[in-house]
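What follows is one structure encoded as structure tokens, with my remarks underneath.
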Amino acid sequence: MNFYLGSLSVSTKPDMSDKRLPIDVIRHSASHVLAQAVISFFPEAKLGIGPAIENGFYYDFDLDTPITDEMLEKIEIKMNEIIKEKQSFKHFDLPKDKAIELMNQKNQPYKVELINDLNLSSYSFYENGPFLDLCKGPHCENTIRIPAIKLLTVSGAYWRGSEKNKMLQRIYGTAFHDKKALKQFIFQQEEAKKRDHRNLGKQLQLFSINDDIGSGLILWHPKGSRVRHIIESYWRDAHFDANYELLYSPHLGKEDLWKTSGHLDCYQENMYTNINIDNQDYYIKPMNCPFHLMVYKSHQHSYRDLPVRYAELGTVYRYERSGVLHGLMRVRGFTQDDAHIICRKDQVESEITDVLNFCVQILKTFGFHDFKTFISTRPEEKAIGDQQDWDMAQSALENAVKSADMDYEIDHGGGAFYGPKIDIKIKDAIGREWQCSTIQFDFNLPEKFDMSYINSEGNKERPYMIHRALLGSIERFFGILIEHYNGKFPTWLAPVQVQILSIVDKFSPQCEELQKALKAHNIRTNIDTSSDKIGAKIRRYIKEKVPYMIIIGENEIKTGVLSVRKLGSNDTIQMTESELICQIQNEVTHKGQLPTKV
RNA sequence: GCUCUCGUAGCUCAGUCGGUAGAGCGCAUCCAUGGUAAGGAUGAGGUCAUCGGUUCAAUCCCGUUCGAGAGCUCCA
């Protein structure tokens, strides 16, 4: 819960003898200075909360005047003045009634609300200079110990995170131990901005989103489609190798199907409205599960048939509120790399282990090597399935993670009502974490769809069901890949692998000949025989981030040796056609290339 | 959905304190045939997102709708 006094989340005691205070203490102190600066400009501002957060701090204000970017600059200047004044942070406690009296006197209704709700025996306050705040602390001894600050953005935030409450203005800022660390942080932010998949998607002509088509609906351009096709081909081959069967299922289904599955009860707010066909209501699918289960149910299964592994690149549509849409990362129509494993109890653990290893294999192929796993267990309230099944499933998940030798954390009570799960987070080239993969037990759907198999005694038995997605959504994963590689796709993924450049346009026939030869080896090649100078052409394909450029001129034609320029290198390497083909094929076979260092 | 900010050529962006607009890249044509990050010239392209209001006059001011961005909330 993030709506308490931010200070409550700071548990570290400051050690004043240590020159390096905990970063949260510095940031939290900086948030007080921020509030102090804002109050100095707007004495009427009502204070919300001001905690330290992962990459900095914020403070919420109820203030009628909108805070502009220029104002933000002024506030930051003021903050630096306050810091230089070396104001001491003084701490004192008050009983509840006195605390409320003090905050009423300061005209701070939100603080009064917090005091009332916290219900403690005494309330802690911090004071520095003219500024006073309800706060558990701890703080720096004085403001000069806040070494480097920067204000970042202003945005809206609901009081206590609830849409029902008033929207306050939130100022985000950050603080670091020294100017160098602050600079590094700003550099990282800028780096993230530079490799924003929305910009790269436009520059590299990978995809677009068209207003006339609709928000959150992706148009895959030829180059993006090419990359997607490569991803999907690899994915399909890998799934066949791992003994999955691949399915295709329709994009909509009758109302009764979604009633049975429970989606109309539990998920309707994310589903698009009904389509009436021949007096029957149909719904566009937000998930693939019911279709896969229907395939399972299309005939009777023996215990000998299990496990059944059905996978599909299934395109689903979900209503997402307009404000949450974001490039490829959050869309309204997307393709899940979905699978459902239906198995016997005695197969559960090995299935989970296999899925986990398979998942790691696939993620590594795409250049991700840093993983964190989270096991979410049975929620306290309303969960279906008996405790034995939950225990069995949870230990299967834990054993699988252990045997894969992966670090994991347990999120107690964090599972869905229908079963426990493992989520896997991957770290990208600039240290950001993304959750793509999820492996979930489902004790619900087998019940609802009355799934069964015939056991060795000839009796009907309920199978176990595991739902999993490895890349998550192809759209989102593509967005993450673009940013991970900064648009410089490794050779096996690059939409164009080789760009052939002629020095002079009269060498076109030789270029075409080479292209034909490379194409015969499944190498994706384009030719530029335009009348631009070679320097201009090289510049163009560096910007297009093509892995290989081959320059064809008089010398090459005479010697029969190719001049090859690799992306990221300013030198040309001489190699024969077969050497080049061999090198590219080698990269394509091995995959898994890491992004270049930032 | 909510708060704030924004919407000018295919792209990135100037600009007009109210008198219907400009650059660079890209595109087209021509000249140039040049060896490793931009050769030169000419030209085409815009109801200044939409609808309405104020005004002699709106791209600019006010309001509406649509869309985008940063957040909140939610989530793959």
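All chains are named by letter (A, B, ...) in the order of the sequence lines, taking the proteins before the strands, and each is independently numbered beginning at 1. Values reported hereafter were calculated over all heavy atoms of this structure, with side chains retained and with hydrogens, waters and symmetry mates removed.
A:Lys421 and A:Asp423 are joined by a salt bridge, as a carboxylate oxygen and a charged side-chain nitrogen come within less than 4.0 angstrom of each other.
The distance between atom CZ of A:Phe61 and atom P of B:C4, rounded to the nearest whole Å, is 17 Å. B:C11 atom P lies 16 Å from atom NZ of A:Lys543, rounded to whole Å. Per the geometry, CG belonging to A:Leu325 stands 11 Å off C1' belonging to B:G67, to the nearest Å. At whole-Å resolution of the value, CG in A:Asp532 and C1' in B:G26 are 12 Å apart. Separating the NZ atom of A:Lys194 from the P atom of B:U12 is a distance of 18 Å, rounded to the nearest angstrom. Whole-Å rounding puts the A:Ile538 CD1 to B:A38 P distance at 9 Å. Separating the CZ atom of A:Arg170 from the C1' atom of B:C2 is a distance of 14 Å, rounded to the nearest angstrom. A straight line from CZ of A:Arg332 to C1' of B:C75 spans 13 Å, rounded to a whole angstrom.
For A:Tyr418 and A:Phe443, the distance between ring centers is not under 6.0 angstrom. Annotation: A:His467 is not in aromatic contact with A:Phe441 [ring centroid separation under 6.0 Å not met]. In this structure, the ring of A:Trp220 has its center less than 6.0 angstrom from the ring center of A:Phe478.
Distance noted for atom P between B:C2 and B:U64: 12 Å (whole Å). B:A57 and B:G19 have their P atoms separated by 14 Å, with the value rounded to a whole Å. Comparing the P positions of B:U59 and B:U73 gives an interatomic distance of 41 Å, to the nearest angstrom. One C1' atom belongs to B:A37, the other to B:C31, and the distance between them is 24 Å to the nearest Å. Taking the P atoms as reference points, B:G67 lies 22 Å from B:C62, given to the whole Å. Going from the C1' atom of B:C60 to that of B:U54 covers 14 Å, rounded to whole Å. If you take atom P in B:A49 and the same atom in B:G15, they sit 15 Å apart, rounded to whole Å. Across B:C27 and B:C11, the matching P atoms stand 15 Å from one another, rounded to whole Å.
Under 3.5 Å, the side chain of A:Thr572 and the base of B:U36 form at least one donor-acceptor pair of N or O atoms.
Using a 4.0 Å heavy-atom criterion, one finds that A:Asn555 contacts the bases of the nucleic acid, with or without backbone contacts as well. Note on A:Val331: a base of the nucleic acid sits closer than 4.0 angstrom, heavy atoms only. If you check every strand for non-hydrogen atoms under 4.0 Å, A:Glu475 touches nothing. In this structure, A:Ser215 reaches the sugar-phosphate backbone alone: every heavy-atom distance under 4.0 Å involves primed, P, OP1 or OP2 atoms, never a base. Residue A:Ile534 is in sugar-phosphate contact alone, with no base atom involved, counting any heavy-atom pair closer than 4.0 Å across all strands shown. Looking at heavy-atom distances under 4.0 Å, A:Glu556 makes contact with a base. At the heavy-atom level, A:Asp505 lies under 4.0 Å from base atoms of the strands shown. Among the atoms of the strands shown, none is found under 4.0 Å from any heavy atom of A:Gln203. Within the nucleic acid shown, A:Ala469 has no heavy atom closer than 4.0 Å to any nucleic acid atom. Looking at heavy-atom distances under 4.0 Å, A:Gly323 makes contact with a base.
Of the candidate nucleotides B:G35, B:U36, B:A76, B:A76 has the atom lying nearest to any side-chain atom of A:Arg318. In the set B:C72, B:U12, B:G67, the nucleotide with an atom closest to the side chain of A:Lys202 is B:U12. For A:Val324, whose side chain is taken as the heavy atoms from C-beta onward, the closest listed nucleotide among B:A76, B:U36, B:C72 is B:C72. Nearest nucleotide to the A:Arg476 side chain, out of B:U33, B:C72, B:A76: B:A76.
Glycosidic conformation of B:G45 is syn; the angle stays within 90° of 0.
In A:Arg226, the CZ atom is not crowded: 12 or fewer heavy atoms of neighbouring residues, nucleotides or ligands sit closer than 6.0 Å.
Put simply, A:His326 has a side-chain N or O that comes within less than 4.0 Å of OP1 or OP2 on B:A70. Under 4.0 angstrom from either OP1 or OP2 of B:G69 there lies at least one side-chain N or O belonging to A:Arg198. Between A:Lys533 and B:G40 there is no side-chain N or O to OP1 or OP2 distance below 4.0 Å. For A:Arg321, no side-chain nitrogen or oxygen approaches OP1 or OP2 of B:G71 to under 4.0 Å. For B:G67, the OP1/OP2 oxygens have no side-chain nitrogen or oxygen of A:Ser322 closer than 4.0 Å.
Toward the 5' end of RNA chain B, the nearer of the two residues A:Cys436 and A:Arg539, judged by each one's closest nucleotide, is A:Arg539. Checking A:Asp196 against A:Ser473, the closest nucleotide of RNA chain B that is more toward the 5' end is the one next to A:Asp196.
Shown are A:Leu481, A:Asp337, A:Ile480; of these, the side-chain contact (heavy atoms from CB on, under 4.5 Å) with A:Leu471 is made only by A:Asp337.
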Step-by-step side chain to side chain contact (heavy atoms under 4.5 Å, CB included) determination, A:Leu264 to A:Tyr283: CA-CA 10 Å; A:Leu264 281 178; A:Tyr283 287 86; 3.8 Å; yes

ring-ring contact (aromatic ring centres under 6.0 Å, His included) between A:Phe57 and A:Tyr59, worked out: CA-CA 7 Å; A:Phe57 60 87; A:Tyr59 214 111; 9.0 Å; no

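By the 5.5 angstrom centroid cut-off and the 30-degree plane limit, A:Tyr172 is classified as not stacked against the base of B:G71.
Annotation: the span from A:Asn270 atom CG to A:Arg332 atom CZ amounts to 11.0 Å, rounded to 0.5 Å.
Between A:Arg195 and A:Leu200, the shortest heavy-atom contact is O-CD1, 3.4 Å.
Counting only Watson-Crick or G-U wobble pairs whose defining distances are both under 3.5 Å, the stems of 3 or more consecutive pairs in RNA chain B are B:1-7 with B:66-72, B:10-13 with B:22-25, B:27-31 with B:39-43, B:51-53 with B:61-63.
For A:Lys425 and A:Phe371, the positive end is not near the middle of the six-membered ring at less than 6.0 Å and at most 45° from its axis.
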